[in-house]
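Order of the sequence lines fixes the chain letters, A, B, ..., with proteins taken first and strands second; residue numbering starts at 1 for each chain. Just so it is clear, the values below take in all heavy atoms, side chains as well, and ignore hydrogens, waters and symmetry mates.
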Number of protein chains: 2
Amino acid sequence: MPKEAAGGSHRAPPVHTDPEEVSLLTALSAVADPVRITLIRELANSADWTRSCGSFDVPVGKAALSHHFSVLRGAGLVEQRDEGPKRVNRLRREEFEARFPGLLALLLADEVVGGAE
Amino acid sequence: MPKEAAGGSHRAPPVHTDPEEVSLLTALSAVADPVRITLIRELANSADWTRSCGSFDVPVGKAALSHHFSVLRGAGLVEQRDEGPKRVNRLRREEFEARFPGLLALLLADEVVGGAE
DNA sequence: CTGAGTGTTCGATGGAGAGCGAACACCAGG
DNA sequence: CCTGGTGTTCGCTCTCCATCGAACACTCAG
């Protein structure tokens, strides 16, 4: 299936989902994963649009990482923008908080204790 | 093996987990399931100790149902007590709220409200 | 004691999704 | 142009878990 280039890579606009359109189950499922929790926390500790997808310290390959970001976008948790060859991220704090009050705070509040912070 | 001998007509005691000892991931995983969400909601709309396990309207057999209650106990969400041949339930509102503030409210708040369905 | 009702456990099955490697597409820089 | 860095997609594997049917355990009412 020789497919045309078009839909291929990260030059195509990232598909975003509005938090308002996200079901509760989708949000909970997105958030019930250790890797994604780590991503959200690291993202929360960084300024908006400063973290590229590859700059996160998680023990998975980039294929899985790309999948995780796709899930986070689908849950309305993360917004992405292309910046040169990189794709930078932003946590949708207020929008997500408006749809699921307290959930994001819960994820960040339960930070791992043990020093580096 | 020391067994509760004479006169002791006791069934296997339900194993409960204190919400304080529950990890965030465990709680989120427990809650990220449609059947268990239904159970929690129905339980929230009933008085404590008034609902037996079989009295819930969910489209699963009793084997699966028993498993779901086991998960809910393990997440510190539900407390059970044997009452005659039945096992009646209670939602651990305050205790769970203390450990995961806002989470229970989120589950109940989203009841029939429209997001994307 | 016997039978009905209730819930748990066991074994097996099916599907969802998390993971990887490789191939591909895009961008910036030499 | 070609190269290195970045991220997405595809095909595949593998593990986890939700589910069921059947067997078992227990309590209560006749």
How many Å lie between [atom1] on [X] and [atom2] on [N], as a whole number?
| X | N | atom1 | atom2 | value |
| --- | --- | --- | --- | --- |
| Lys86(A) | dG29(C) | NZ | C1' | 14 Å |
| Arg87(A) | dC27(C) | CZ | C1' | 12 Å |
| Phe69(B) | dT8(C) | CZ | P | 8 Å |
| Gln80(A) | dG7(D) | CD | P | 9 Å |

Quick one: do [X] and [Y] end up in the same hydrophobic cluster if we chain Ile, Leu, Val, Met, Phe, Trp and Tyr together by side-chain heavy atoms under 4.5 Å apart?
| X | Y | value |
| --- | --- | --- |
| Leu106(B) | Leu28(B) | yes |
| Val78(A) | Val71(A) | no |
| Leu25(B) | Leu77(B) | yes |

Check every strand shown and say whether Ser70(A) touches a base, only sugar-phosphate, or nothing at a heavy-atom separation below 4.0 Å.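 No contact at all - Ser70(A) keeps every heavy atom at 4.0 Å or more from the nucleic acid.
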Residue closer to the 5' end of DNA chain C, Glu83(A) versus Val35(A) (nearest nucleotide):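 Between the two, 5'-proximity favours Val35(A).
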Positions of residues 26-34 of chain A (non-hydrogen atom under 4.0 Å from DNA chain D), listed by number: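 The stretch gives none, as no residue of it lies under 4.0 Å from the strand.
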Donor-acceptor under 3.5 Å (Ser55(A) side chain, Ser52(A) main chain):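 Flag set: sc Ser55(A) to bb Ser52(A) pair under 3.5 Å.
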Sequence neighbours excluded, every pair satisfying salt bridge (charged side-chain N to carboxylate O under 4.0 Å, His left out) that has a member inside residues 50-73 of chain A: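 Salt bridge (charged side-chain N to carboxylate O under 4.0 Å, His left out) check on residues 50-73 of chain A returns Glu42(A)-Arg51(A).
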May I ask you to decide whether Arg81(B) forms a salt bridge with Glu83(B), counting only side-chain N to carboxylate O separations under 4.0 Å?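 A salt bridge is present here (some side-chain N lies under 4.0 Å from a carboxylate O).
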On a heavy-atom basis, which atom in Leu39(A) and which in His68(A) lie closest, and how many Å separate them?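 Looking at all heavy atoms of both residues, the closest pair is CD1-CB, 4.0 Å.
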Heavy atoms within less than 4.0 Å of DNA chain C: which residues of residues 60-68 of chain B have one? Give them sorted by number.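 Going residue by residue through residues 60-68 of chain B, the ones with a heavy atom under 4.0 Å of DNA chain C turn out to be Lys62(B), Ala63(B), Ser66(B).
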Please check if atom CD in Glu20(B) has more than 12 non-hydrogen atoms from other residues, nucleotides or ligands closer than 6.0 Å.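 Enclosed: over 12 neighbouring heavy atoms sit under 6.0 Å from CD of Glu20(B).
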